[in-house]
Number of protein chains: 2
Amino acid sequence: MSFNYEKNVHTEPGAEVAIFEAYLRERGLKLTQARRDLLNVIFSDHGHFTADDLYDRCRRAGLRVSKATLYRTLIILIDCKLLVDHDFGQDAKYFEHCYGHRHHDHMVCLACRGITEFRSEELERLQDHAAIELGFAPVRHSTTVFGVCAGCASGERGRQVLEEARRAVASSEAAVENQA
Amino acid sequence: MSFNYEKNVHTEPGAEVAIFEAYLRERGLKLTQARRDLLNVIFSDHGHFTADDLYDRCRRAGLRVSKATLYRTLIILIDCKLLVDHDFGQDAKYFEHCYGHRHHDHMVCLACRGITEFRSEELERLQDHAAIELGFAPVRHSTTVFGVCAGCASGERGRQVLEEARRAVASSEAAVENQA
DNA sequence: GTCCATGCAAATGCTTTGCACGTAT
DNA sequence: ATACGTGCAAAGCATTTGCATGGAC
């Protein structure tokens, strides 16, 4: 069993620009300043961000981009596989750039909302296996573990979340017992 | 390795009513006709539904409930663990009642949008294990496999989805190569 | 010069809320 | 009688879109 906490090392800066340019050219789309700026800001840091986070990062960098253009550009970047979006069941979608990064899964801390990436080959295999066994042709999958991260486990909010979870498990087990 | 396609057998009809009533009483909330109706409709069939699906089912059954009350009731049912919500990355949330049902994962067909449940003990263990190994206290997890179901694999839309996926994999592998 | 892209504001679509009236306890 | 619940319509929010102007090619 091997886990693999992948550091966000971006090994060949600039490659994403080439890919983006090629994609745009290929479809008669234009490489504008707004698109260049957004690509730069997105690739200047590998983290998980919402559309709003990105908007703020742009403004802080002194770049003026409208939300409309921002959303339109996100769609293009997802289309050319430079970006993926995740739905962690919160209000807004999360994005992360993925060029040169293998698929990975996420852990979301219920206390601090922090996101940690992990990867398990075993998990990957099992999910495909499960799908195939049910006559399903797997295309992609998404696994998210919600819990409390090491940093939060001893804090107020962390304890609170864990306590609440313990109570929930107890009552749901009782329910399953009743049904059996 | 054992998978387990759980049939949606509701073994003890009525138990959910008792739980709901107890929950309401305990907090000084009232058991109204609207709440009774919604609970009935929801438990009359174990499927995955959106708020809108539920609204339609109510109307078809000749019951008048407003969307507002419907949403307010869904919140209560989630709170008392009779219902869970899933976010499959589409516009609206999906709900399913869960009393007496163990946790399970989902496969979503990208062609027909159909949802199949499955459960793998191995997968459950692995996810917890992965979390713990990273100092994370797991509370719950969510795994969704997206792909094409057996029924759709030979159809127009199914083939299309699979072909598109093949192309995507090819280009992303090329990207990872470049980075290495 | 031709399209495509941009910004703005208005529109969407799901979900939530304020309010005056109705009803379970 | 006293909350709490309900429906309606309006508000919220993230995201999308129509349109006139601006910019890449």
Side-chain angles (χ1 to χ4, degrees), chain A residues 17 20-42 48-59 62-80 83-96 113, chain B residues 17-18 20-42 48-59 62-80 83-95 113:
Chain A
V17 179
F20 191 44
E21 287 182 3
Y23 179 89
L24 293 177
R25 205 173 314 117
E26 189 169 284
R27 330 213 153 194
L29 303 178
K30 289 165 185 171
L31 181 61
T32 61
Q33 194 54 47
R35 289 181 180 164
R36 222 187 307 260
D37 287 347
L38 283 165
L39 190 70
N40 272 340
V41 173
I42 290 171
H48 300 77
F49 60 89
T50 62
D52 245 48
D53 293 338
L54 179 57
Y55 185 72
D56 289 344
R57 275 168 69 194
C58 285
R59 313 219 89 214
L63 306 168
R64 277 174 249 67
V65 211
S66 73
K67 286 256 175 85
T69 296
L70 188 152
Y71 276 110
R72 286 190 272 235
T73 304
L74 287 176
I75 291 170
I76 294 178
L77 288 171
I78 287 172
D79 233 63
C80 68
L83 209 64
V84 282
D85 60 337
H86 302 292
D87 211 321
F88 296 132
Q90 293 169 249
D91 8 295
K93 266 183 188 158
Y94 276 77
F95 301 87
E96 67 177 324
R113 287 287 153 195
Chain B
V17 179
F20 191 45
E21 285 182 3
Y23 179 88
L24 294 176
R25 204 173 313 117
E26 188 168 287
R27 334 212 150 195
L29 303 178
K30 289 165 182 171
L31 181 61
T32 62
Q33 194 54 47
R35 288 181 180 164
R36 222 187 307 260
D37 287 346
L38 283 166
L39 190 70
N40 273 338
V41 173
I42 289 171
H48 299 80
F49 60 89
T50 62
D52 244 50
D53 293 338
L54 179 57
Y55 185 72
D56 289 344
R57 276 169 67 193
C58 284
R59 314 220 87 213
L63 306 168
R64 277 174 251 63
V65 210
S66 70
K67 287 255 175 86
T69 296
L70 187 151
Y71 276 109
R72 288 190 271 236
T73 304
L74 288 176
I75 291 170
I76 295 178
L77 289 171
I78 287 171
D79 232 63
C80 68
L83 209 61
V84 283
D85 60 338
H86 302 292
D87 211 319
F88 295 132
Q90 295 169 248
D91 8 296
K93 266 182 188 158
Y94 277 76
F95 301 87
R113 287 286 153 195

Looking at [N], I'd like to know if its phosphate oxygens (OP1 or OP2) sit under 4.0 Å from a side-chain N or O belonging to [X].
X	N	value
T69(A)	dA5(C)	no
T32(B)	dT6(D)	yes
Y71(A)	dT15(D)	yes
R64(A)	dG7(C)	no

K67(B) or R27(B), whichever maps to the more 5' nucleotide of DNA chain D: R27(B)

Q33(B) or K30(B), whichever maps to the more 5' nucleotide of DNA chain D: K30(B)

Quick one: [X] [atom1] to [N] [atom2], roughly how many Å, whole number?
X	N	atom1	atom2	result
E21(B)	dA24(C)	CD	P	14 Å
L54(A)	dT15(D)	CG	C1'	14 Å
Y23(A)	dA5(C)	OH	P	11 Å
I75(A)	dA14(D)	CD1	C1'	12 Å
L63(B)	dT6(D)	CG	C1'	15 Å
R36(A)	dA5(C)	CZ	P	14 Å
D87(A)	dA14(D)	CG	C1'	12 Å
Y55(A)	dC8(C)	OH	C1'	11 Å

Toward the 5' end of DNA chain C, by each residue's nearest nucleotide, K93(B) or G28(A): G28(A)

Which residue lies more 5' along DNA chain C, comparing F95(B) with L29(B) via nearest heavy atoms: F95(B)

Contact check, side chains of K67(A) and D52(A), non-hydrogen atoms, under 4.5 Å: yes

Which nucleotide in [options] has an atom nearest any side-chain atom of [X]:
X	options	result
R35(B)	dC8(C), dT6(D), dA5(C)	dT6(D)
A51(B)	dG5(D), dT15(C), dG7(D)	dT15(C)
A92(A)	dA14(D), dT25(C), dT15(C)	dA14(D)
R72(A)	dT17(D), dA14(D), dC25(D)	dT17(D)

Exercise: identify the closest heavy-atom pair between L38(B) and T69(B): CD1-O, 4.2 Å

D79(A) (side chain) donor-acceptor with I76(A) (main chain) under 3.5 angstrom: no

Heavy-atom donor-acceptor pair, D53(A) side chain to T50(A) backbone, under 3.5 Å: yes

R59(B) CZ: over 12 foreign heavy atoms closer than 6.0 Å: no

Touch class at under 4.0 angstrom, heavy-atom based, for A68(A) against every strand present: base

L74(A)/L54(A) under side-chain contact (heavy atoms from CB on, under 4.5 Å): CA gap, chis, key distance, verdict: CA-CA 10 Å; L74(A) 287 176; L54(A) 179 57; 3.9 Å; yes

